[in-house]
Amino acid sequence: MASRRDFLTLSTATVLGGRIALWSDTGIRPEHVKTEPLQEKLAADPQRPRYHLMPPANWMNDPNGPLLSKGQYHMFYQYNPNGAFWGTMHWGHAVSPDMVHWKHLPIALAPTPGGPDKDGCFSGCAVIDQGTPTLVYTGVSPEVQCTARSADGMVTWRKYTGNPVIGAPPQGMEITGFRDPCVWREGDEWFLAIGSGIKGQGGMVLLYRSKDLIHWDYLHLLCKGRRDELLPGEDAVSTGEMWECPDFFPLADKHALIVSTQGAVIYSLGAYVNHYFRPEVQGKADLGNIYYAARSMADENGRRILWGWVREGRGDTAQRAAGWSGVMSLPRVLTLGRDGTLGMAPAPEIAALRGKHQRFEGLLIVPGSLSLLKSVRGDSLEIQAEFEPGASEAVGLAVRSAPDGEEQTSITYNRSNGHLLVERERSSLSPDVDRGTQGGAFALAQDEKLKLQVFLDASVIEIFANDRACLTSRIYPSRSDSLGIGVFARGHNARLKALDVWEMRPISANRLTT
Ligand code: DQQ
């Protein structure tokens, strides 16, 4: 733990936009990231993923400020160094040459006692301002916007001594929240979108403008939710009266707004005119309830890459006992789909992890029994499968199947009602895990084949369907032999056109992902 002394201010003067501004040391040193007592336990934990980014230990949630700079991908994330539970939010930090292999860096931001972020450094973003890496984030409580900069290539960060840079929401609004800034550049000006909402009316995004990332003027609402989109719920986020983590960016000839609310990541594609966003098409970036708080970044090839927090699907006690909680999703490349919806595909860089490969072709799938692919076993696999559903009611893949089927998880395309599902009733014999079916609407066109790309990584499942739907899930099989893969159909025959499976190489020797 950092001592109070570590947080004491060490101020230096920095020239910013012609004025003198002060930036203070956050006091974080590399040695403060300590995981030694847990390392053996984490390395031996069969539920801990081997090729997804996670902190060395403890809790993580939202991705913050993913950024490509000088050929390195930087990922920050909400991090609690005190254990595998939410609280005392810091910004963890990792860096990668390829979005696949990571090195952990010192914690970037920690709450400053007595400062505007004394109760937590909540989510935000990262930009490069005339060569200087700059973080913009929410300090609590109350929710205000703060900034920090790095002068040493993003190893350590200095907070602006004038924080908060936005100290209160616009006057006269009874808002449900004021957090998670997203900043972008237009010409010689910066724009900033903040997640917010109004009780009984819906979520909204507030738009600000600045010349220097310090002095911000409120402009107006970038976009506003609708009353008829609200759900019954306990708090403003679950009802949809608060939009968290707005992410706003151009995509082909449209603009995209992504917000997290009601347990889901919702995207809108539409027109951005005179600094107002008018949504035209809406959908879910993920059909489950495990993927949340997504944030995107642009890379040097003009690709737009989305990252999300993969939550746990088991109780708090199990998470604390494990000593870790939360996983970063694999990177997804976003495109504007031919049908006008959001196209999503795994970043091709992930293929660098592919090891031993097997291929199966032309298999008739008869309802009633599971066709296990006998030579394939594993909990660290990429599977690509192409199905002709025919007249079947449902078709899909069984994964993490015990030889006798006692534990088994089904990835199912339900043809009758056009849904993509993960059926988890038999996923685990453990009592303290989520069992519900997850998924949502995903329809194939007449005669369109079902193309599934599935990433299994211990307790994580990430599914991409026909490059336009995603479904992320968590399962915690208890049997060490729950490693089988199979195909099934319900109602009538279906056909497996081809299935490719690769064993995936771990990104570290000890599940510490560094
Ligand atoms: N998580 C952060 C907030 C954000 C929420 C706090 C979304 O900034 O609104 O950890 O998961």
Side-chain angles (χ1 to χ4, degrees), residues 54-55 58-66 75-93 107-111 116-126 135-148 163-164 166 169 175-183 192-197 202-206 225 233-248 257-267 284-286 288-296 306-313 316 319 325-329 472:
M54 285 172 292
N58 304 321
W59 168 277
M60 69 149 273
N61 54 299
D62 316 351
N64 291 152
M75 176 59 76
F76 304 89
Y77 51 83
Q78 291 281 281
Y79 176 62
N80 182 4
N82 300 320
F85 53 93
W86 186 88
T88 52
M89 294 324 304
H90 290 54
W91 278 38
H93 185 190
I107 292 173
L109 294 176
D117 60 9
K118 62 183 183 322
D119 291 326
C121 302
F122 274 22
S123 287
C125 60
L135 307 179
V136 187
Y137 66 100
T138 298
V140 289
S141 324
E143 291 174 355
V144 293
Q145 314 318 318
C146 299
T147 187
N163 278 337
I166 306 179
I175 57 167
T176 48
F178 184 58
R179 59 181 179 268
D180 311 335
C182 163
V183 173
L192 178 152
I194 297 191
S196 189
M204 61 192 190
V205 177
L206 307 171
E234 313 247 300
D235 58 75
V237 176
S238 62
T239 58
E241 291 160 313
M242 171 65 201
W243 286 354
E244 298 185 299
C245 301
D247 197 56
F248 188 62
L257 174 67
I258 291 182
V259 298
S260 292
T261 190
Q262 298 174 340
V265 177
I266 313 286
Y267 73 79
K284 283 188 173 181
D286 200 281
N289 59 356
I290 285 285
Y291 182 88
Y292 197 68
R295 286 270 177 174
S296 76
L306 189 71
W307 303 87
W309 165 33
V310 180
R311 298 191 295 110
E312 297 298 315
D316 294 350
Q319 294 176 42
S325 175
V327 177
M328 190 64 69
S329 72
T472 304

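Counting convention: from 1, in listed order, for ligands and their atoms alike. No experiment lies behind these values; they were computed from the predicted model shown. Positions are given from 1 along the sequence.
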[X]: numbered ligand 1 atoms lying under 4.0 Å from its heavy atoms:
X	value
E244	4 (C), 5 (C), 7 (C), 9 (O)
M89	10 (O)
Y292	7 (C), 11 (O)

(request) First locate atom CG of D180, then atom CD of E143, and finally report the distance between them rounded to the nearest 0.5 Å. (result)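 Those atoms lie 7.5 Å apart.
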(request) Determine yes or no for a side-chain-to-main-chain donor-acceptor pair under 3.5 angstrom, with K118 supplying the side chain and V140 the backbone. (result) no
(message) Is there a polar contact between ligand 1 and W309, counting only N or O atoms under 3.5 Å apart?
(response) no
(request) Check whether any N or O atom of S123, backbone or side chain, sits under 3.5 Å from an N or O atom of ligand 1, and answer yes or no. (result) yes
(message) Exactly one of P63, S296, P66 should register a side-chain contact (heavy atoms from CB on, under 4.5 Å) with L306. Which one does?
(response)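 Testing L306 for a side-chain contact (heavy atoms from CB on, under 4.5 Å) against P63, S296, P66 leaves exactly one candidate, S296.
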(message) Testing P116, P164, P181 one by one against Q145 for a side-chain contact (heavy atoms from CB on, under 4.5 Å), which residue passes?
(response)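 For Q145, the side-chain contact (heavy atoms from CB on, under 4.5 Å) test succeeds with only one of P116, P164, P181, which is P181.
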(message) Give me the residue, atom name and distance of the protein heavy atom closest to atom 10 (O) of ligand 1.
(response)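 Atom 10 (O) of ligand 1 sits closest to the protein heavy atom Q78 OE1, 2.7 Å.
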(request) Look at atom 2 (C) of ligand 1 and say which protein heavy atom is nearest, naming residue and atom and giving the distance to 0.1 Å. (result) D62 OD2, 3.2 Å
(request) Over 60° means perpendicular and under 30° means parallel, so classify the ring planes of F76 and W91, tilted if in between. (result) tilted
(request) Taking all non-hydrogen atoms of both residues into account, name the closest pair between N64 and G124 and its distance. (result)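 Distance-wise, the nearest heavy atoms are ND2-N, 3.6 Å.
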(request) Ignoring hydrogens, just give me the one of T138, D180, N64 whose non-hydrogen atom is nearest atom 4 (C) of ligand 1. (result) D180
